[in-house]
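Shown next, in structure tokens, is the structure this report addresses.
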Number of protein chains: 4
Amino acid sequence: MTAPRRNERSRRAILTAALELLTETGYPDLTVEAIAARAGVGKQTIYRWWRGKGAVILEAMVDSVPPNAVLPDTGDLRADLRTVIRATVAEFADPRLSATTRAITIETLSDEALAEQVRDQLLRPQLAAVKDRLRAGQATGQARDGIDLDLTVELLFGPIYHRWLLRNGPLTEGYADELVDLAMTAITP
Amino acid sequence: MTAPRRNERSRRAILTAALELLTETGYPDLTVEAIAARAGVGKQTIYRWWRGKGAVILEAMVDSVPPNAVLPDTGDLRADLRTVIRATVAEFADPRLSATTRAITIETLSDEALAEQVRDQLLRPQLAAVKDRLRAGQATGQARDGIDLDLTVELLFGPIYHRWLLRNGPLTEGYADELVDLAMTAITP
Amino acid sequence: MTAPRRNERSRRAILTAALELLTETGYPDLTVEAIAARAGVGKQTIYRWWRGKGAVILEAMVDSVPPNAVLPDTGDLRADLRTVIRATVAEFADPRLSATTRAITIETLSDEALAEQVRDQLLRPQLAAVKDRLRAGQATGQARDGIDLDLTVELLFGPIYHRWLLRNGPLTEGYADELVDLAMTAITP
Amino acid sequence: MTAPRRNERSRRAILTAALELLTETGYPDLTVEAIAARAGVGKQTIYRWWRGKGAVILEAMVDSVPPNAVLPDTGDLRADLRTVIRATVAEFADPRLSATTRAITIETLSDEALAEQVRDQLLRPQLAAVKDRLRAGQATGQARDGIDLDLTVELLFGPIYHRWLLRNGPLTEGYADELVDLAMTAITP
DNA sequence: CACTAAGCGAGACGGTACGTCAGGTCTTCCG
DNA sequence: CGGAAGACCTGACGTACCGTCTCGCTTAGTG
């Protein structure tokens with residue numbers, strides 16, 4: 001049982017090149033060939049370790065996300081949700097950051113296996129953190145006991161995805177606040 | 001100024017072939033070449049009238065959607081929302097129907113022009129109908145006056161998109177009802 | 001039954017490019033990719049009409065050989081054979097001309113179908129011409145009646161191939177004359 | 001000045017694997033990678049000791065040829081030549097044996113250095129043996145004194161190569177005999 | 001008889017070319 | 001003259017091998 005003798009330098013070069021090219025050319029025009037060329041790497045080295053450009057981008061995202069997965073708890077549920085929703089809205093509004101999200105989204109729409117990885121490695125931890133905060137809010141009486149936490153987080157994040165996906169309106173801080181307020185109305189005892 | 005002498009028979013054959021192939025092979029493996037072959041049509045005929053496979057699929061969808069754009073109004077807002085949300089959830093849950101939605105979504109994520117068309121021709125009319133029903137609800141006192149209708153429809157449809165997009169849970173009738181109930185809590189006076 | 005709508009300009013460009021590259025780089029380093037690039041042609045266009053680089057070179061050779069297939073008949077058999085054998089030796093001695101022969105030889109050694117084409121389109125006509133001249137020689141009493149003409153032409157050309165193939169000695173005019181004399185000894189009545 | 005600590009077991013395995021694969025797949029599809037895999041050997045071990053697959057095959061041939069290099073001398077020149085020419089024809093007619101010859105021939109056509117090795121280690125000794133026998137024939141008056149021995153051996157072997165190389169007729173025992181007879185006609189006093 | 005350098009298997013690596021596929025354009029010919 | 005048919009150039013695909021380069025492990029020959 002020997003560890004795979006993988007070249008870390010190449011791995012880093014590939015992930016970096018992929019993210020650079022992604023912002024330069026967009027996902028559909030991103031090619032494995034170009035990533036390999038930019039990274040100074042043989043194509044085979046990419047195909048040896050990843051199933052395609054989608055998997056490369058996913059790993060680049062996972063690599064760049066710190067495993068913090070914990071929400072602030074100031075005692076004020078509404079304020080804390082505002083913090084996280086504002087951050088999320090800002091992320092989707094930023095062309096640079098949302099480029100990678102767009103790329104991954106495209107790929108997951110037709111790659112079931114990749115979709116699972118995204119869900120388990122990126123999405124679930126994030127949502128779990130929010131659910132934890134909501135549970136704490138229930139303990140302090142700031143949220144109703146009966147609510148379905150899964151549904152609640154969807155109530156918070158779903159509208160953002162909807163607006164982003166369908167380009168159906170601006171993604172501003174004011175929008176984030178309004179969204180939190182409306183959601184709070186639904187879950188406050 | 002002559003009207004374009006367009007062959008309706010070819011047009012129908014192309015749209016039909018496109019939808020068939022879409023469910024058979026999935027969007028990324030759908031090719032203009034295959035559509036042309038299946039439809040018994042030259043490739044040029046497709047490129048003459050559409051910008052690419054995305055535009056073909058969009059026209060096929062628009063073609064198949066009746067321009068009803070009106071929600072039932074039984075007087076019971078919750079019940080009427082339940083009807084439309086249940087229908088939407090069912091549509092996303094149906095592999096056959098959601099295949100075309102998935103295809104269009106993929107394409108819009110990287111084609112700004114197409115995204116606009118989708119938004120204006122498919123999405124907005126649907127949401128407008130819901131907003132109309134909500135406005136009627138405000139008139140009868142079943143919904144608060146102060147609510148942002150754009151945000152409210154996102155509260156209703158966003159979670160569905162979120163769950164569908166990220167494959168983060170089942171899309172059932174029960175889910176639809178629960179969603180409507182939670183949203184109603186947020187907007188009831 | 002429509003004639004294949006083949007682009008003659010491309011065909012010529014490919015054959016020319018192939019011959020150029022052959023003399024520049026040698027057959028093993030000759031690639032379809034390079035031929036396509038030099039000819040300003042898509043690779044597919046080559047693969048559409050030929051089975052590989054070997055077939056291209058063959059067509060180039062066939063194209064450049066005039067269909068003369070007739071030997072001079074001065075009445076002096078020995079002199080006429082000298083003419084053709086000298087020419088053959090000179091051809092094999094010329095690095096430029098023998099490069100294409102070398103290429104075809106390599107390919108035929110492992111491609112049965114190509115070998116047949118070479119035999120039928122290039123070799124047999126040439127040998128047939130010599131056999132015709134030998135037959136005429138028999139009529140004038142300069143060659144024995146009993147000889148096997150197939151074997152006789154091999155006696156004339158075989159040594160040249162042998163020496164060329166195995167690089168086992170110089171290919172000079174003197175060699176050609178000596179060879180003809182020895183062969184004449186074998187077939188003179 | 002230490003002797004190279006070369007692993008004889010690996011060497012044997014490589015040569016054996018190479019010959020096996022050669023008959024299975026043909027020379028152009030023979031790869032160093034496959035030889036290494038079949039032999040249970042690292043690629044490096046092959047490249048350490050040989051310049052490529054051509055050199056491996058050559059060594060395998062040299063290894064399998066006994067260094068006998070002497071012709072029988074029964075006193076009857078024609079009969080002795082018949083023996084050796086029949087054997088040569090049989091060798092070229094045998095698909096198994098001629099496969100290695102074909103392989104080496106391909107390689108020598110583009111590798112000058114290898115061609116020299118083949119000529120010096122395989123061809124010349126064989127031809128020298130025939131020349132020796134011819135010289136003995138001159139002594140006993142069965143061959144003319146004036147003939148060029150180099151040319152004479154080419155007269156014997158050249159036609160076989162020609163017929164084999166160009167697949168221009170069958171290689172039978174009868175052919176061998178006919179060839180010897182015609183050549184004898186040329187060199188008998 | 002232990003040490004130590006080599007040869008060794010394995011296989012990752014940067015490359016090049018393969019032969020295929022589809023893109024989008026252009027040309028020919030038919031109805 | 002629109003449309004079918006399909007050749008064309010282009011460029012990326014994913015694969016196969018090339019020849020080089022570490023890795024540890026095994027194995028002599030020496031000191």
Side-chain angles (χ1 to χ4, degrees), chain A residues 2-11 13 28-37 39-49 51-53, chain B residues 2 4-7 9-11 13-14 28-37 39-53, chain C residues 2-11 13 28-37 39-49 51-53, chain D residues 2-11 13 29-37 39-53:
Chain A
T2 45
R5 293 194 285 95
R6 183 171 178 179
N7 188 331
E8 178 63 16
R9 172 187 301 278
S10 294
R11 182 179 159 275
D29 291 343
L30 178 65
T31 66
V32 172
E33 205 130 10
I35 297 173
V41 142
K43 281 200 288 178
Q44 194 60 240
T45 301
I46 295 181
Y47 285 111
R48 187 160 18 233
W49 303 109
R51 288 195 309 112
K53 63 178 181 175
Chain B
T2 45
R5 296 204 277 119
R6 181 171 181 180
N7 188 330
R9 172 187 301 279
S10 294
R11 182 181 160 275
I14 288 165
D29 292 342
L30 178 67
T31 66
V32 173
E33 206 126 12
I35 296 172
V41 141
K43 281 200 292 179
Q44 192 59 246
T45 304
I46 295 182
Y47 285 111
R48 191 166 5 242
W49 301 109
W50 292 277
R51 288 196 307 112
K53 63 179 181 175
Chain C
T2 45
R5 293 193 286 96
R6 182 171 181 178
N7 187 332
E8 178 63 15
R9 173 187 300 280
S10 295
R11 181 180 159 277
D29 292 342
L30 178 67
T31 67
V32 173
E33 205 129 13
I35 296 172
V41 141
K43 281 199 289 178
Q44 194 60 242
T45 301
I46 295 182
Y47 285 112
R48 195 174 355 249
W49 303 110
R51 289 195 309 111
K53 61 179 182 176
Chain D
T2 46
R5 295 202 278 114
R6 183 170 179 179
N7 188 332
E8 179 61 17
R9 171 188 301 279
S10 294
R11 182 179 159 277
D29 292 343
L30 178 66
T31 66
V32 172
E33 206 127 9
I35 296 172
V41 142
K43 283 200 291 177
Q44 192 61 248
T45 302
I46 295 181
Y47 284 112
R48 187 160 17 235
W49 303 108
W50 292 278
R51 286 196 310 112
K53 63 179 181 174

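Since we're looking at a predicted model, the values are computed, not measured. All values below come from the heavy atoms of this structure, side chains included, with hydrogens, waters and symmetry mates left out. Below, read A as the first sequence line, B as the second, and so on, with proteins coming before strands; counting in each chain starts at 1.
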*Nearest nucleotide by nearest heavy atom, which residue falls closer to the 5' end of DNA chain E, B:V32 or C:D29?*
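In this pair, the answer is C:D29.
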Within this structure, what is the [atom1]-to-[atom2] distance between [X] and [N], rounded to whole angstrom?
X: D:I46; N: F:dC17; atom1: CD1; atom2: P; result: 13 Å
X: B:R11; N: F:dG3; atom1: CZ; atom2: P; result: 13 Å
X: A:W49; N: E:dG11; atom1: CH2; atom2: C1'; result: 10 Å
X: A:I35; N: E:dG14; atom1: CD1; atom2: C1'; result: 16 Å
X: D:R9; N: E:dG9; atom1: CZ; atom2: C1'; result: 14 Å
X: B:K53; N: E:dG23; atom1: NZ; atom2: P; result: 7 Å
X: D:Q44; N: F:dT22; atom1: CD; atom2: C1'; result: 10 Å
X: B:K43; N: E:dG23; atom1: NZ; atom2: P; result: 7 Å

*NA contact type, B:G40, heavy-atom cut-off 4.0 Å: base, sugar-phosphate, or nothing?*
sugar-phosphate
*In terms of the nearest nucleotide of DNA chain F, which residue is placed more toward the 5' end: C:R48 or D:Y47?*
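Looking at DNA chain F, the more 5' nearest nucleotide goes with C:R48.
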*asked:* With nearest nucleotide decided by heavy atoms, which residue, A:E33 or C:E8, maps closer to the 5′ end of DNA chain F?
replied: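 Looking at the nearest nucleotide for each, C:E8 comes out on the 5' side.
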_I need the A:R6 CZ to A:W49 CH2 distance, nearest 0.5 Å._
5.5 Å
*Would you give the length of the straight line joining atom CD1 of C:I35 to atom CD of C:E33, rounded to the nearest 0.5 angstrom?*
10.5 Å
*Would you say B:S10 reaches F:dA4's phosphate, i.e. side-chain N/O to OP1/OP2 under 4.0 Å?*
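Result: yes.
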*Does a side-chain N or O from A:T45 land closer than 4.0 Å to OP1 or OP2 of E:dA12, or not?*
no
*Identify the heavy atoms of C:P28 and C:K53 that sit nearest to each other, and give their distance.*
O-NZ, 3.7 Å
_CA sep, side-chain torsions, deciding dist, call: B:I14, B:W50, side-chain contact (heavy atoms from CB on, under 4.5 Å)_ = CA-CA 11 Å; B:I14 288 165; B:W50 292 277; 3.7 Å; yes
*Got a sec: does the CZ of A:R48 have more than 12 other heavy atoms crowding it under 6.0 Å?*
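Yes, CZ of A:R48 has more than 12 neighbouring heavy atoms, counting only those of other groups under 6.0 Å.
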